[in-house]
Amino acid sequence: MQDLDIVILAAGKGTRMRSQIPKVLHTLAGKSMVQHVLDTASELNPTRTHVVIGHGADQLRAALAESAVSFAVQEEQKGTGHAVAQAQPQLGNGNVLVLYGDVPMIRRESLTALLSHVDEQHMGLLTVTLEDPSGYGRIVRNDEGEAVAIIEQKDASADQLAITECNTGIMAMTSAQLKRWLPQLSAENAQGEYYLTDVIEMAANEGIKVCTAQPASAVEVEGVNNRAQMARLERAYQQQQADKLMEQGVALADPARIDIRGKLTCGHDVFIDVGCVFEGDVELGEGVHVGPYCVIKNSTIGAESAIDGHSVIDSTVAAGLNQIGPFARLRPGTRLAVKAKVGNFVETKNADVGEGSKINHLSYIGDARLGRDVNVGAGTITCNYDGANKHRTDIGDNAFIGSNSALVAPVTVGKGATIGAGSTIAKDVAEHALAVTRGRHLEKSDWPRPVKKIK
Ligand code: UD1
Ligand code: CA
């Protein structure tokens, strides 16, 4: 296979973001912009990937520590050509593709199209025609319609400013071409910068054809310079994901009001109401119904389950036919067997809830195992923490926990046992026994209330 180097420019400051975080680390759908670019880049199976860093270099190194990239440091930002030159010593002898860390929505298809043109006699340039081209470099074509130069906005004549075909910045060429051209760049222009865009004219002068390609949509090559553009791109990205889900048969109450920050996989006939956020890897089985304003992270929800509004679910596995919420909070390690129910204002953590068991209202169940068909009354608390260590609660099949009970762990409630409402259970309860620890009911008939003394 052809040797390929991908160079990602990410040294700029991003002043207009008004942020302490380097621009390319700002997130789109929960993932940094530069990571989006890296993920797309890796689909091309490059031999090497280089990230040119400068502003916030340490933060970038830390954020990308797990990635198979090499860094090239650009101490001073002297332009895009100067930036690419910093990676030059590390380049191989095949092709080179230049990408931008702040252009996160670029698609693989556009890049492979660009690379397909590259050889000794050709290079590739991704251009886009914009209604409002201001700020962009303009593509100058000769009488034969061939691209022969890119003129930056600040260097352009009135005629050139009227050109609407713009430079996306993304280009591909052979390593030999690039190595020949980079040393020839000069900073004699309006911005006093080494423009990478000047290589187009050099190519044309050498008789090397500049093959242009356009992305499927302009949003693919949109760069981010400020928060407003960031937010616009986020909406565009979310809309794309919503469209994909609907194509797959998912019913969305409003495709403009769903946020997927990771990967959402859905079975047939899933319905998702407005305002839901999905993070990490989430799987929703067939016929799952998600109510409004739910947050679901790294979880698997089995078929025919209903999650009612305002529920927050993290690292949970629900087997199917479950009823969750409204206002339920399922924390990491929650496992619901088939038909288990977790109702309003219930918090679970590290809890196995058996088949058909119900925790319907206002309870905390943590570090616990519940057998099948257990009924947990309102206001039940597993007291799992003694201030130093966590302890487990084990509740057998068919047990009935009366309302407002405290189960002081470690403790076991046997199968079929009953806990009277309002009990504090600190000792194991035998199978089929009744345990009640509340004070006895005392009653005095016709009891005279004390009256205030008059002085
Ligand atoms: C550049 C192009 C312009 C194109 C536009 C598309 C040049 C000279 N101009 O202009 O034709 O239409 O992108 O958005 O290439 N960077 C560095 N080091 C530097 C300078 C820039 O790493 O010294 C990085 C920035 O972090 C950014 C990218 O390169 O990710 C583009 O830089 P920017 O200054 O935004 O270029 P533009 O002036 O917008
Ligand atoms: Ca820019």
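Just the heavy atoms: all of them, side chains too, but no hydrogens, waters or symmetry mates, feed the values below. Quantities reported herein were computed from a predicted structural model and do not represent experimental measurements. For ligands, and for the atoms within them, numbers begin at 1 and follow the listed sequence.
Remark: the Asn189 side chain and the Lys154 side chain contain no N/O donor-acceptor pair separated by less than 3.5 Å. Side-chain atoms of Thr212 and Thr127 include no donor-acceptor pair closer than 3.5 Å.
Side-chain atoms of Asn205 never come within 3.5 Å of backbone atoms of Ala203 as a donor-acceptor pair (strictly under, hydrogens ignored).
Taking distance alone, with nitrogen or oxygen atoms compared against 3.5 Å, Thr80 approaches ligand 1 more closely than that limit. Backbone and side-chain nitrogen or oxygen atoms of Asn225 are examined, and none is located within less than 3.5 angstrom of a nitrogen or oxygen of ligand 1.
Taking a cut-off of under 4.0 Å to the non-hydrogen atoms of Glu152, the atoms of ligand 1 that pass are 2 (C), 3 (C), 7 (C), 8 (C), 9 (N), 10 (O), 11 (O). Every atom of ligand 1 is numbered from 1 in the order shown, and the set under 4.0 Å from a heavy atom of Ala83 is 17 (C), 18 (N), 22 (O). Numbered from 1 in the order shown, with element, the atoms of ligand 1 that lie under 4.0 Å from a heavy atom of Lys78 read 23 (O). Close approach of ligand 1 to Tyr195 (heavy-atom distance below 4.0 Å) involves ligand atoms 8 (C). Counting atoms of ligand 1 from 1 in the listed order, those under 4.0 Å from a heavy atom of Gly137 are 3 (C), 4 (C), 11 (O), 12 (O).
Under 4.0 Å from ligand 1, heavy atoms of Ala11 appear from its side chain as well as its backbone. Contacts between Glu193 and ligand 1, counted as non-hydrogen atom pairs separated by less than 4.0 Å, are absent for every part of the residue. Contact annotation: for His82 versus ligand 1, there are no heavy atoms closer than 4.0 Å. Of all the heavy atoms of Tyr100, the ones lying under 4.0 Å from any atom of ligand 1 belong exclusively to the side chain.
Heavy atoms of Gly79 approach ligand 1 to within less than 4.0 angstrom. Between Thr168 and ligand 1 there is a heavy-atom distance shorter than 4.0 Å.
Here the side chains of His26 and Asp102 are not in contact, with every heavy-atom distance at 4.5 Å or above.
For residues 60-73, every residue pair satisfying the side chain to side chain donor-acceptor pair (under 3.5 Å) rule, not counting sequence neighbours, is listed here: His50-Ser70, Ser70-Gln90. Judged as a side chain to side chain donor-acceptor pair (under 3.5 Å), the pairs with a partner in residues 323-332 (not counting sequence neighbours) are, in order, Asp308-Gln323, Arg331-Glu347.
The distance from the CZ atom of Arg180 to the OG atom of Ser175 is 10.5 Å, given to the nearest 0.5 Å.
Relative orientation of the Tyr237 and His36 rings is perpendicular, given thresholds of 30° and 60° on the angle between their planes.
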